[in-house]
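Since the model is a prediction, treat every value here as computed from it, not as a measurement. All values below were derived from every heavy atom in this structure, side-chain atoms included, with hydrogens, water molecules and symmetry-related copies excluded.
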Amino acid sequence: MEGLLNIVRQGLYFLSFALIAVGVGLLIFYFIRLAGTSDSKVKYDFINKHEKKTLWRSFLILLIAAGAFVTSILATEWLYVFVGVFVSFMFGMILGVVIYNYLEYYYPTFIEKRLQKLRYKPRISSTGNQMKLLSEAEEDVYLDEGMQAEENIFSVDYDVWIDEKTDETKIEKYKGHLHAEKSPTCGYYTLRVVKEEIIESPTEEKEGTLMKYYECSYTGYKTKKIFNIARLKKTPKEAGKAFASTT
């Protein structure tokens, strides 16, 4: 039994360092890939999709590694093996909850600022010219009806960049409900859209009205905002009839 206990101790000891290597390796691999990405939109999507998940997985692996190391030190007897596992599990649960809450509620405040900088960082065209970001009114010329419909219900947000010297355009797509807004109650980016309701549908003559309902996932604070929906565009055939009726 003593020989088996030593094998268990050594196994836990080496396992802890192996897990540390995996956890740190995940972080290093992530940041190397991030540093090797030069395109602002690609970097934006990469951070948004992978950063929180990578940090959580890495921290989780490091917590298990710490538990294995502590258990290997305490395991001078079989009883202490179970004590070490129990103590490591309890402290791991506490630290895991703390880390998870930090990544879920506090970290987005930091990551959102980085994403905003990347989103509005000036783009460079294929000819080397700095491109201009068009306003919501200007960009409609470059968006088809389907894209405009997506923007009207805030499911998708498009950014249109244009090289004014060559007319080269670049259209970037962002999820409309991807990011939370800053909550007035806690100051964190935890205010998210939970429901949308069209109060008045748009027509060709007037704009529509959309109500968006928000809820803070941290404090439970709720609010709502009213947005205008752009008027429907007349088809060329209908526009011709309207012109004819005025002449």
Side-chain angles (χ1 to χ4, degrees), residues 16 19-37 39-70 85-121 150 153-159 172-197 210-225 227:
S16 66
L19 290 174
I20 289 173
V22 172
V24 174
L26 279 176
L27 291 176
I28 293 175
F29 179 71
Y30 170 80
F31 286 110
I32 287 177
R33 286 190 61 186
L34 183 62
T37 305
D39 185 274
S40 296
K41 179 61 169 65
V42 175
K43 183 174 288 189
Y44 179 103
D45 291 336
F46 185 75
I47 292 174
N48 184 58
K49 184 177 181 180
H50 297 292
E51 184 151 309
K52 281 177 62 176
K53 292 180 181 178
T54 301
L55 291 176
W56 170 242
R57 289 169 183 168
S58 180
F59 289 147
L60 196 60
I61 291 172
L62 292 175
L63 282 176
I64 297 173
F69 180 78
V70 170
V85 170
F86 176 77
V87 171
S88 298
F89 178 78
M90 294 304 296
F91 276 100
M93 285 288 292
I94 295 172
L95 289 176
V97 170
V98 172
I99 293 172
Y100 178 83
N101 285 333
Y102 173 80
L103 292 175
E104 187 69 19
Y105 299 113
Y106 296 88
Y107 193 70
T109 304
F110 167 71
I111 201 173
E112 186 70 21
K113 293 178 181 179
R114 292 167 57 204
L115 291 176
Q116 289 298 313
K117 287 181 180 179
L118 286 172
R119 179 171 179 175
Y120 299 113
K121 180 181 179 181
E150 288 179 315
I153 62 171
F154 302 95
S155 63
V156 172
D157 192 16
Y158 290 96
D159 286 349
E172 297 179 349
K173 182 178 180 179
Y174 298 88
K175 291 184 179 179
H177 297 159
L178 181 62
H179 304 297
E181 296 183 12
K182 191 173 183 179
S183 174
T185 55
C186 62
Y188 300 111
Y189 288 85
T190 50
L191 193 66
R192 299 181 182 275
V193 176
V194 294
K195 179 184 175 182
E196 289 183 349
E197 180 182 0
L210 176 74
M211 180 75 77
K212 297 175 72 174
Y213 298 84
Y214 295 80
E215 183 175 354
C216 175
S217 59
Y218 187 62
T219 63
Y221 167 78
K222 296 181 180 180
T223 187
K224 55 186 178 182
K225 299 179 183 179
F227 295 86

Starting from the C-alpha separation in whole Å, work towards a yes-or-no answer on side chain to side chain contact (heavy atoms under 4.5 Å, CB included) for Leu19 and Phe69. CA-CA 10 Å; Leu19 290 174; Phe69 180 78; over 6 Å; no

Would a distance-only check, ignoring hydrogens and angles, find a side-chain to backbone donor-acceptor pair under 3.5 Å from [X] to [Y]?
X: Lys41; Y: Lys173; result: yes
X: Lys43; Y: Thr37; result: yes
X: Thr54; Y: His50; result: yes

Rounded to the nearest 0.5 Å, what separates atom [atom1] in [X] from atom [atom2] in [Y]?
X: Gln116; Y: Tyr44; atom1: CD; atom2: OH; answer: 6.0 Å
X: Asn48; Y: Glu112; atom1: CG; atom2: CD; answer: 8.5 Å
X: Ser40; Y: Asp45; atom1: OG; atom2: CG; answer: 11.0 Å
X: Tyr105; Y: Cys186; atom1: OH; atom2: SG; answer: 10.0 Å
X: Lys225; Y: Lys212; atom1: NZ; atom2: NZ; answer: 8.0 Å
X: Ile47; Y: Leu34; atom1: CD1; atom2: CG; answer: 4.5 Å

I need the full list of salt bridge (Lys or Arg N to Asp or Glu O under 4.0 Å) pairs touching residues 47-67, with sequence neighbours left out, sorted by first then second residue.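 Qualifying pairs: Glu51-Arg114, Lys52-Glu104.
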
Give a yes or no on whether Phe31 atom CZ has more than 12 heavy-atom contacts from other residues, nucleotides or ligands under 6.0 Å away.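 Result for CZ/Phe31: enclosed.
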
Take atom CZ in Phe29; do more than 12 heavy atoms of anything else shown fall under 6.0 Å from it? no

For [X] and [Y], which heavy atoms make the closest approach, and how far apart are they?
X: Ile61; Y: Gly23; answer: CG2-N, 3.8 Å
X: Pro184; Y: Leu191; answer: CD-CD2, 4.3 Å
X: Ser16; Y: Ala68; answer: CB-CB, 4.0 Å
X: Glu215; Y: Gly220; answer: CG-O, 4.2 Å

When the side chains of residues 87-94 are checked against the rest of the protein, which donor-acceptor pairs come out under 3.5 Å, sequence neighbours left out?
unit_1 : atom_1 : unit_2 : atom_2 : d
Ser88  : OG     : Gly67  : O      : 3.2
Ser88  : OG     : Thr71  : OG1    : 3.4
Ser88  : OG     : Gly84  : O      : 2.7

Just wondering, do Tyr100 and Phe59 contact through their side chains at under 4.5 Å, heavy atoms? no

For a 4.5 angstrom cut-off between non-hydrogen side-chain atoms, does Leu27 reach Leu55?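 Yes, at least one pair of side-chain atoms sits under 4.5 Å.
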
Please verify the inter-ring angle class for Phe110 with Tyr107; under 30° counts as parallel, over 60° as perpendicular, anything in between as tilted.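 Tilted: the ring planes of Phe110 and Tyr107 meet at 30° to 60°.
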
Evaluate the ring pair (Phe, Tyr, Trp, His ring centres under 6.0 Å) criterion for residues Tyr221 and Tyr214: first the C-alpha distance (whole Å), next the side-chain angles of each, then the deciding distance (0.1 Å), finally the verdict. CA-CA 8 Å; Tyr221 167 78; Tyr214 295 80; 9.5 Å; no

Examine Arg119 relative to Tyr174 and say whether NZ or CZ is less than 6.0 Å from the centre of the six-membered ring and inside a 45° cone about the ring axis.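 Verdict for Tyr174: a cation-pi partner in Arg119.
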
List the residues meeting side chain to side chain contact (heavy atoms under 4.5 Å, CB included) with Leu63, not counting sequence neighbours, and say none if there are none. Leu95, Ile99

